[in-house]
Amino acid sequence: MAVDGSVRVRFAPSPTGYLHIGSARTALFNVLFARANGGVFILRIEDTDQNRYVEDSVEDIKESLRWLGLQWDEGPEVGGSVGPYFQSERVGIYAEYARRLVETGHAYHCFCTPERLESLRQAQLKTGEPTGYDRKCRDLPAKEVNKLLAQGTPSVIRFKIPDDGATVFEDALRGKIKFENKVLDDFVLLKSDGYPTYQLANVIDDHLMGITHVIRADEWINSTPKHILLYNAFGWTPPVMAHLPVVLSQSGGKLSKRHGATHLREFRDKGYLPEALVNFLALLGWTSGDDREVFDWDELVQSFTLDRVGTSPAVFSYEKLDWFNGVHIRKLSPEDLADRCIPFLQKDGLVSTPVSQQEVTYLTKIIPLLQERVKFLSEISDLASYFFLDEITYSDPSLLVPAKMSAQETVNILRQALSILTSIDDFSEANIESGLRGLVDSLGLKAGQVFMPIRVAVSGRTATPGLFETLHVIGKDRVLSRMEKAIGVLLEKH
Ligand code: GLU
């Protein structure tokens, strides 16, 4: 179709599970290509395999794509002129086209039973022959075929692979790819239940939907000669084919659960930013041509071209992804980052649902203190809990006591610090700093010996952002009461 010659690409997932991160990369490359060329991005759901259908996977796929910012121009929910976009709603179309192929002599009815096919397979395995259909029904006389059909004998429709010659296609990334026809099987087009196979439905839809470029995972290369033969049989021009490089784990194999998250939703739940994932995924197989790594969406769209997509395997490094996440987290404004942290804090009960304006204002003050340290948003509750909790607990009260000091000496330091902090009316960072530094001088101690007990008293931990800003943000009342509590704990214990 592509009436005006413009680019039309599609992402065509089968709803057999949640969106995999590798599939998200495929979707991203399609969207980038569409956006870079002023084209259209289509989402098509390839749901004709009833046995492998997973109930909530369509919802997950849509939600995940949207979360990544990969909104489709045509497809489920948004519609479009070449729908429906669920293959299960197009079954009649495929059956019709399969019949046409039978009529034109490119396909035939096969009445072989599953049992026969299985024993054929076993026999082939035993003799070490390549497995595949032996074409028993390929040359059945028309009379016989009609009789069997009239009797209602179950049948499938198979494609007639040419006896000799080769099928060649030009992959936009890999160049010429050639398959000898004799290695291709007379594959099934239409199953006995009237449902199409992937091969048939995929080709018909790519044609009817006017797809100009098929950009997909390399695992489909072996299917492509079958697709090309189908295009030829229908008399259609195939779209440009581009098979993306495989994504491998750092140890070389396929990315799997044991390496870490694999479904997009797991990355989202862990608190990766969509910006970081998009940036990271874009570089799994594509380069900008220089050493540049950090891109925002507009920059990617401006720089993306298919000819900079390579063919060598792309290695998925979780460390690299974490690095990208940190980079993109630091690029956010405190307001934006606060906003994105809210669901994580809500989940851990640290802010209310719905969040109050007061909590948002408070969080916006906390965020700049932590922005440098957060690697994923799900860490925020742990990093920030002491800003929110009413009561600090000291799981290990000995942490309150600096090295080579006694509990009593620590109590004295905390008492003096308490009285200085109490006397500060304007509880600003600068006032807190000058008060506490004055105390360090007057006690003749090292700064750490004074600051550490205060830090632990107020936060319950030994590492926090800068002490003065932390005290300022937590606020005078809570700082004082926490210090009193710490003094109490030390006195009780010793
Ligand atoms: N439904 C196939 C899949 O799940 C589509 C492959 C293709 O893009 O042609 O990946």
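Computed over heavy atoms, backbone and side chain alike; hydrogens, waters and symmetry mates excluded. Whatever order the structure lists ligands and atoms in, that order sets their numbers, starting from 1.
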Where does the angle between the aromatic ring planes of [X] and [Y] fall among parallel (under 30°), tilted (30 to 60°) and perpendicular (over 60°)?
X    : Y    : result
W220 : Y198 : tilted
F267 : Y318 : parallel
F169 : F179 : parallel

Could you find the nearest protein heavy atom to [atom] and give me its residue, atom name and distance?
atom                    : value
atom 10 (O) of ligand 1 : W220 CZ2, 3.3 Å
atom 4 (O) of ligand 1  : S14 OG, 3.1 Å
atom 5 (C) of ligand 1  : A12 O, 3.2 Å
atom 8 (O) of ligand 1  : R10 NH1, 2.6 Å
atom 1 (N) of ligand 1  : E46 OE1, 2.6 Å

**Request:** Would you sort out whether F11 and F41 count as a ring-ring contact (aromatic ring centres under 6.0 Å, His included), showing the intermediate values?
**Result:** CA-CA 8 Å; F11 176 55; F41 171 58; 7.0 Å; no
**Message:** At under 4.0 Å between heavy atoms, is it the side chain or the backbone of N202 that contacts ligand 1, or both, or neither?
**Reply:** side chain
**Item:** Location of contacts on F11 toward ligand 1, heavy atoms closer than 4.0 Å
**Value:** neither
**Complete:** Nearest heavy-atom approach of H20 to L255 is NE2-O, 4.1 Å
**Prompt:** Please, which pairs that meet salt bridge (Lys or Arg N to Asp or Glu O under 4.0 Å) have at least one residue in residues 102-113, sequence neighbours excluded?
**Reply:** none
**Prompt:** Quick one: does E219 get within less than 4.0 Å of ligand 1, heavy atoms only?
**Reply:** no
**Request:** Using the ring of Y133 (Phe, Tyr or Trp, six-membered ring only), decide whether R158 places NZ or CZ under 6.0 Å from its centre and within 45 degrees of its axis.
**Result:** yes
**Message:** P13 versus ligand 1: do any nitrogen or oxygen atoms come within less than 3.5 Å of each other?
**Reply:** no
